[in-house]
There are 2 protein chains.
Amino acid sequence: MAKKQLIMEKALELFAKQGFEATSVQQITDHCGISKGAFYLSFKSKDELIVALIDHFMRQFTADIDYVVNHEQNDADLLYDFYYTTFQSFNKHSDFAKILMKEPTQSFNEELFTKLHNYNKSIEKVILSMIDRLYGEQANDLKYDLAFCIKGFMNTYSELFLLYKLPIDLDLLARSLVEKTDLLAKNMTLSFISDELIQMIDQPLNEERTLDQIVEIVEKNIEDMEDSIEKESLILLKHELLEPSQHPAIVKGLLENIRQHPHCKWAAYLLRRHFGIK
Amino acid sequence: MAKKQLIMEKALELFAKQGFEATSVQQITDHCGISKGAFYLSFKSKDELIVALIDHFMRQFTADIDYVVNHEQNDADLLYDFYYTTFQSFNKHSDFAKILMKEPTQSFNEELFTKLHNYNKSIEKVILSMIDRLYGEQANDLKYDLAFCIKGFMNTYSELFLLYKLPIDLDLLARSLVEKTDLLAKNMTLSFISDELIQMIDQPLNEERTLDQIVEIVEKNIEDMEDSIEKESLILLKHELLEPSQHPAIVKGLLENIRQHPHCKWAAYLLRRHFGIK
DNA sequence: CATACTAATGACTACACGGTCAATTGTCAA
DNA sequence: TTGACAATTGACCGTGTAGTCATTAGTATG
């Protein structure tokens with residue numbers, strides 16, 4: 001298992017520097033100090049590696065901003081926290097963010113394209129729920145436009161420190177984007193993106209998580225973990241999934257236990273949604 | 001010469017569908033109904049083909065929007081015409097636009113990266129001149145932010161019809177973006193992107209700084225500063241420039257000391273690059 | 001120490017790519 | 001019809017790739 005981590009870390013560095021296609025398995029294994037055969041003990045193919053990387057980081061990122069949006073009590077700070085967390089995350093995982101920016105979104109296989117599309121949708125969902133909470137009906141017709149603008153800000157401003165390694169004042173960046181977003185939300189009148197348009201985009205790619213899928217993911221997580229409070233919490237949560245019996249407060253506590261564990265963020269996110277707990 | 005046109009057209013289709021790396025010369029020539037040898041009569045290499053494509057379309061696009069911005073007499077229509085022309089062009093040359101969106105900006109060679117950067121700069125220049133004409137001093141500090149927002153709108157909204165082939169009401173799109181842009185221009189107060197930041201982006205691509213130049217800049221910085229930890233750090237870093245002797249960890253620490261100092265950002269940036277420290 | 005088992009290796013295969021060039025075909029003036 | 005020249009071909013080359021597997025090294029057990 002540790003081998004898998006090592007490969008993912010080292011491969012990430014190379015992918016960010018040279019791109020996915022341009023990096024050979026040989027280079028990766030050299031960089032890890034292992035043999036080529038060992039690589040194929042951890043991953044069935046090079047494609048499986050890139051999928052694992054994308055899952056790992058996108059889950060973490062989605063879970064992070066979802067948590068922020070659901071746990072910030074003060075409406076006045078919500079947007080700021082969202083932007084701050086987002087860019088902090090981009091900054092921390094800049095190697096991965098670079099890959100996402102640079103790689104030809106669709107020249108991978110179809111499966112990966114849908115996967116990325118779905119993560120994109122999850123993020124959009126978080127953004128939309130934030131918009132709804134802050135501006136409610138006031139911006140109902142305009143919510144998709146607003147979400148698109150927010151995504152546009154995220155994309156364009158992140159280039160600044162991903163392509164060029166510039167020193168960034170995260171606080172100022174977040175504040176300036178809050179202002180922009182707030183201005184648009186409160187004064188826009190013309191909506192371009194309608195419900196219909198969104199439906200046309202989503203149509204072919206609907207996919208809901210079933211209980212079984214969540215259980216499966218949680219179980220996989222449990223296997224990979226060392227004995228700890230977090231592992232115990234996950235096991236208890238798994239039982240709760242199959243046979244709900246505990247008080248919501250207990251469930252919430254268990255979720256809080258695993259929230260910060262890097263490998264549990266995605267599971268925590270799915271569980272939070274499943275149990276309907278903020 | 002007609003052969004060259006044919007190859008460019010057919011190759012464009014394949015690149016848009018599969019990406020540049022994933023398309024072989026054999027596939028291109030098959031698609032053209034010519035032999036592989038014939039390809040190399042028109043282009044010295046596959047790289048030369050992609051360069052030709054990028055030049056062809058970027059020149060056209062840059063020239064198009066430049067013309068619109070310079071020839072629209074009526075200020076009231078300027079923004080609208082800009083957006084309308086832009087998206088019309090994206091739509092007309094959607095195959096090429098797709099390539100631009102999808103291709104790993106830097107996994108080509110360095111030459112191509114600079115080339116794209118320069119086209120990007122040309123477009124930014126057009127946008128900035130438009131902002132200047134419409135909002136003049138009113139938005140002077142905010143012009144770069146405004147330009148970034150406009151580029152963000154262009155990127156994000158164009159995805160709608162590049163990735164998903166949706167029918168687009170160009171007129172509504174342009175009008176809605178004009179409203180957004182105008183709102184931001186007239187009400188923003190917080191600027192994130194300063195002249196200094198823009199300089200940092202442009203500098204390293206023009207030419208690599210020599211050691212002497214860096215020393216000179218650092219020395220100027222030291223002179224201008226009052227006695228402080230930051231000044232001491234800078235002095236130590238200057239010695240390190242001339243006679244490398246310290247451990248990387250120490251260098252990194254010194255850089256961290258001056259990172260937040262407003263007048264040191266540029267020097268810190270150059271030093272980070274010089275010492276190869278993230 | 002011997003045995004059984006797992007983890008790790010790297011030479012190897014099969015293949016696809018960009019690019020070359022001797023050989024072939026097409027063209028047209030004499 | 002001939003011959004000189006230009007245009008075009010596609011088999012071929014060197015290189016580098018993803019992925020395999022017989023072999024070896026390492027480790028735990030009786």
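To find a chain, count down the sequence lines: A is the first, B the second, and so on, and within it residues start at 1. Nothing here was measured: the structure is a model prediction, and the numbers come from that model. Hydrogens, waters and symmetry mates are skipped; everything else that's a heavy atom, side chains included, is used.
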From dT9(D), dT9(C), dA18(D), pick the nucleotide closest to the side chain of Leu41(A)?
-> dT9(C)

Could you tell me the separation between the CD atom of Glu21(A) and the P atom of dA16(C), rounded to a whole number of Å?
-> 15 Å

Please determine, for the side chain of Ala38(A), which listed nucleotide (dC17(C), dT9(C), dA18(D)) has the closest atom?
-> dT9(C)

Determine the interplanar angle of the Phe87(A) and Tyr83(A) rings, folded into 0 to 90°, and report it as parallel if under 30°, tilted if 30 to 60°, perpendicular if over 60°.
-> parallel

For atom CG of Leu6(B) and atom P of dA7(D), their distance in whole Å = 17 Å

Got Met154(A) and Phe82(A) here, is their nearest side-chain heavy-atom distance under 4.5 Å?
-> yes

Check the angle between the aromatic planes of Phe153(B) and Tyr157(B) and answer parallel, tilted or perpendicular using the 30° and 60° thresholds.
-> perpendicular

Just say parallel, tilted or perpendicular for the rings of Phe43(A) and Phe39(A), cut-offs at 30° and 60°.
-> tilted

Quickly work out the Lys4(B) NZ to dA7(D) C1' distance and round it to whole Å.
-> 17 Å

Lys44(A) atom NZ is separated from dT20(D) atom C1', nearest whole Å, by 16 Å

Counting just side-chain N and O atoms, does Lys36(B) come under 4.0 Å of either OP1 or OP2 of dG10(D)?
-> no

Nearest-nucleotide 5' precedence on DNA chain D, Ser24(A) against Gly37(A) = Ser24(A)

Provide, to the nearest angstrom, the distance between the CD atom belonging to Glu48(A) and the C1' atom belonging to dA18(D).
-> 14 Å

Touch class at under 4.0 angstrom, heavy-atom based, for Thr23(A) against every strand present = sugar-phosphate

With a 4.5 Å limit on heavy-atom distance, are the side chains of Val126(B) and Ile65(B) in contact?
-> yes

Output the single nucleotide from dG10(C), dA18(D), dT20(C) whose closest atom is nearest the side chain of Tyr40(B).
-> dT20(C)

Among the candidates dG10(C), dC17(C), dG19(D), find the nucleotide nearest to the side-chain atoms of Ser35(A).
-> dG10(C)

Atom-pair distance (CZ on Phe20(A); P on dA18(D)), nearest Å = 8 Å

How many Å lie between CG on Asp47(A) and P on dA18(D), as a whole number?
-> 10 Å

Given atom CZ of Phe39(A) and atom C1' of dA18(D), what is their separation to the nearest angstrom?
-> 10 Å

Output yes when at least one side-chain N/O atom of Lys3(A) is less than 4.0 Å from OP1 or OP2 of dA8(C), else no.
-> yes

